[in-house]
Structure formats: structure tokens, C-alpha cells
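Below is one structure, written out as C-alpha cells, with a few remarks after it.
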Amino acid sequence: MTAGEFIYDRLGRVILQIAFLLAVAAFLLVTGTQTGVVTIVLLVCLLIFSLEQLTDFWRAKRRLDELQAIVNGLDKRYLFAECAPKPQDLYERKLFELLRLSGKSMIEAVSDAQATQKEYREYIEQWVHEIKTPITAAKLICQNIDSDMRRKLSQELAQIDAHVERALFYARAENPEKDFIISKTELSAICEGAIQNHKTLLIQNGIRIETGNLNENVYTDGKWVAFMLGQLLQNAARYRGEDPVITLSSKRLGQQVQLAVQDNGIGIPAYELPRVFDRGFTGSNGRKRGGSTGMGLYLCKRLADALEIGLRIQSTEGTGTCVTLTFPAEVNLTKM
């Protein structure tokens with residue numbers, strides 16, 4: 001709080017005090033009091049009023065600084081009313097009582113919302129695991145029908161399976177660190193797992209996979225990274241061009257390892273690149289081709305941040321897209 005803010009807040013009181021002094025001075029002059037005496041009285045009153053304002057300003061500023069320091073020191077600032085020092089007057093006591101009632105109500109509401117969210121997340125996870133059984137059964141049934149119908153049904157089932165898997169990971173993405181198992185993992189094994197999981201999609205879209213040097217070890221959670229790669233493979237399949245090719249290659253950068261996923265698809269317009277990791281953003285290509293939820297890259301970014309993986313995307317419209325994952329060195333892992 002500055003002196004200017006304090007005076008502005010008390011402007012009405014200051015004007016009233018000045019008006020009162022002027023009225024007293026006028027009364028004294030009308031009653032025949034000497035001008036010198038009136039001047040002295042005015043100066044004394046002004047001095048008293050000024051000292052009063054300065055004292056009030058100093059007390060208020062010191063109190064606000066004390067309360068601000070308490071707020072700044074709290075991790076959960078909504079507990080301020082519980083940690084605030086003893087009220088100095090009746091007004092503060094009543095105000096803190098209202099703050100405590102408000103904070104208690106908010107904490108109860110947040111707790112209820114968290115409990116509801118937890119129940120819903122657990123239900124989604126259970127539903128995903130249950131729905132996978134009929135999907136697997138449907139895939140087995142497809143093996144006993146003619147090739148053309150089998151191809152069409154397998155493609156649709158693969159899409160359903162991908163959406164179900166995305167729903168599961170989205171339900172867990174709020175606190176993904178609780179499901180992390182960080183270990184030394186072969187990058188080639190992660191890539192092979194992701195490719196195998198989306199083999200049907202890649203074959204049906206005529207996509208050729210090429211791999212460079214993947215003989216590197218990374219410190220991460222292979223399951224989550226395979227999911228991220230799966231989202232990138234799905235995007236490459238959805239936005240493929242002529243003679244589609246996806247290239248996976250890695251290189252070492254000191255103690256870090258960088259994995260590049262490059263495709264030769266239709267690319268992303270430059271003005272859309274800053275938004276591709278936003279939740280629900282589909283872009284012009286997604287609207288044209290349909291089927292896009294805008295969640296794939298969003299989840300990749302969430303997981304990459306949680307795993308301390310650097311995620312960068314480069315794209316040229318009409319040429320292709322390259323997504324780069326930079327895995328941290330073991331000594332730099334701080335959250336695991």
C-alpha cells in the first residue's frame with residue numbers, strides 16, 4: 001500500500017476534516033477572534049490531523065506487510081485465515097471469521113469435487129479394461145470372415161481400440177507420476193512396441209516404416225513413451241501423403257538421447273504450429289479430413305512434461321512433419 005492509495009481511500013474523510021477546520025476558522029473570525037489566534041488554531045489542528053493520518057497509514061501498512069508475508073509463505077494460500085495472526089480490532093476479527101467460513105466452505109467443495117473426480121477416473125479406467133474384452137473378441141471373429149470385410153472391420157476396431165486407449169491414458173494423465181516406472185530402457189524396444197501396436201493401421205494405410213539408429217538406452221517409462229509414439233503414428237497415418245513413409249531415428253546429444261519421428265505427409269500450416277499442443281485443437285487439416293479429437297498431441301505434451309522429455313515439432317506444409325523427443329540424462333531426472 002502506498003501513501004497515495006491510502007489518501008485516495010480516505011479522501012472523503014480528509015475533505016470533511018478540511019471543511020470542519022474552515023468552518024471553525026470562519027466561526028472564530030465572525031466572533032471577533034484575532035487573525036493570529038485563528039491561524040495558530042488552524043495550524044495546530046492541521047498538525048494533529050496530519051499526525052493522525054500518518055499514524056494510521058504506518059499501522060495499516062505494517063499490518064498489510066505482515067499479512068502479505070504470511071500469504072507469500074503459504075503453499076496453500078486458501079488457508080490464510082487459519083494462519084493469520086490474532087486480529088487487532090473488532091473489524092479484523094469479524095473479517096477473519098468470515099474468511100474462515102468462506103475458506104472452510106471452499107475446502108469442502110474442493111474435497112467433494114476431488115472425490116467425485118477420483119470416482120469418475122476410476123470408473124473410466126475400469127470401463128476401459130472391460131471394453132477391451134469385446135474388442136479383442138471382435139478382432140478374433142474378424143479372422144473368420146472374408147478378407148474385404150475383415151479389412152474394413154479390423155480398421156474400425158483399430159480406431160475404437162485407439163480411442164479407448166487414449167481415454168485410459170487421459171484419465172491417468174492428471175497424476176501420471178503415480179503410474180511411472182522409470183528405468184533404463186532400450187529405445188528400439190519402445191519403438192518396436194509402438195509400431196506393433198499400430199501395425200494394422202499402418203498396413204491398411206500403406207505406410208512404410210523406416211528406422212535409423214535406435215540402439216540407444218534411455219531413462220524413462222517405456223509404456224508411456226510407447227503411447228506417445230502411438231499418437232504420433234496415428235497422426236502420420238491420418239495426415240499421410242502420397243507413398244507415405246515414417247522414419248524413426250535417434251542420435252546422442254552428450255548424455256541425452258534424441259528421437260526423431262519424421263513423416264512425409266501433408267504437413268501443418270505455420271500459423272497453426274504454436275497451437276498444436278493445445279487441448280482440443282484440431283486445425284484446418286483435422287477439420288478437412290475429420291476424425292480428429294485434438295487430444296493426441298495434447299496428451300503427448302502432458303506426458304512429456306511429466307517425464308521431463310523435451311517435445312518439439314517442426315512442419316512444412318505439403319512436405320511433412322518431424323516430432324523430436326529429447327530424453328533426459330539419468331543424472332538430470334529430478335521428479336522421479
Minimum heavy-atom separation for [X] to [Y], with atom names?
X	Y	result
L303	F227	CD1-CD2, 3.5 Å
I190	A226	CG2-N, 3.8 Å
M228	A304	CE-CB, 3.8 Å
G267	T321	CA-OG1, 3.7 Å
G230	H198	CA-CE1, 3.3 Å

Sole residue of N205, N235, N264, D263 in side-chain hydrogen bond (donor to acceptor under 3.5 Å, both in side chains) with R240:
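The side-chain hydrogen bond (donor to acceptor under 3.5 Å, both in side chains) with R240 is passed solely by N205 among N205, N235, N264, D263.
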In terms of side-chain heavy atoms, does Q68 have a donor or acceptor partner in N72 at a distance below 3.5 Å?
yes
The criterion is ring-ring contact (aromatic ring centres under 6.0 Å, His included); which residues satisfy it with Y298, sequence neighbours excluded?
none
Taking side-chain hydrogen bond (donor to acceptor under 3.5 Å, both in side chains) as the test, write out the residues that go with [X], two or more places apart.
X	answer
D112	none
D278	none
Q262	none
T326	Q258

Can you check whether [X] reaches [Y] side chain to side chain, under 4.5 Å on heavy atoms?
X	Y	result
L232	L297	yes
F281	P274	no
T324	L259	no
L307	I182	yes
Y219	T185	no
I203	K199	yes
S315	C322	no
K61	L64	no

Interatomic distance, [X] atom [atom1] to [Y] atom [atom2] [nearest 0.5 angstrom]:
X	Y	atom1	atom2	answer
L95	R100	CG	CZ	10.0 Å
W224	C300	CH2	SG	11.5 Å
F327	I309	CZ	CD1	4.5 Å
L233	N197	CG	CG	9.5 Å

Hey, what else clusters with L98 if you join Ile, Leu, Val, Met, Phe, Trp, Tyr whenever side-chain heavy atoms sit under 4.5 Å?
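Reading the cluster by chain and number, L98 sits alone, since nothing else belongs.
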Listed partners of R13 passing side-chain contact (heavy atoms from CB on, under 4.5 Å), at least two apart:
R10, Q17, Q53, D56
Who are the side-chain contact (heavy atoms from CB on, under 4.5 Å) partners of E97, not counting sequence neighbours?
R93, K94
Could you check whether any side-chain N or O of D9 sits under 3.5 Å from a backbone N or O of E5, counting only pairs where one atom can act as donor and the other as acceptor?
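Not a single qualifying donor-acceptor pair exists.
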Can you tell me if E317 uses its side chain to pair, donor with acceptor, with the backbone of A270 under 3.5 Å?
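Side chain of E317 to backbone of A270: no pair is present.
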Expected list for residues 39-52: side-chain donor-acceptor pairs under 3.5 angstrom, two or more places apart:
residue: T39; atom: OG1; partner: T35; partner atom: O; Å: 2.9
residue: S50; atom: OG; partner: L46; partner atom: O; Å: 2.8

Carefully, step by step, assess I195 and E192 under the rule side-chain contact (heavy atoms from CB on, under 4.5 Å).
CA-CA 5 Å; I195 294 170; E192 288 172 7; 5.7 Å; no
Show which side-chain atoms of residues 208-218 pair as donor or acceptor with protein atoms under 3.5 Å away, not counting sequence neighbours.
residue: R208; atom: NE; partner: E210; partner atom: OE2; Å: 3.3
residue: R208; atom: NH2; partner: E210; partner atom: OE2; Å: 3.2
residue: N213; atom: OD1; partner: N215; partner atom: N; Å: 3.2
residue: E216; atom: OE1; partner: R252; partner atom: NE; Å: 3.3
residue: E216; atom: OE1; partner: R252; partner atom: NH2; Å: 3.1

Do the side chains of [X] and [Y] join up, straight or via other hydrophobic residues, at under 4.5 Å, putting them in one cluster?
X	Y	answer
L299	I313	yes
I246	L201	no
I268	V245	no

Worked check of side-chain contact (heavy atoms from CB on, under 4.5 Å) between T55 and R59:
CA-CA 6 Å; T55 301; R59 287 177 178 173; 3.7 Å; yes
Set of salt bridge (Lys or Arg N to Asp or Glu O under 4.0 Å) partners for R63, sequence neighbours left out
E66, E92
For residues 20-32, dump all side-chain donor-acceptor pairs below 3.5 Å to protein atoms at least two apart in sequence or in another chain.
residue: T31; atom: OG1; partner: F27; partner atom: O; Å: 3.0
residue: T31; atom: OG1; partner: L28; partner atom: O; Å: 2.9

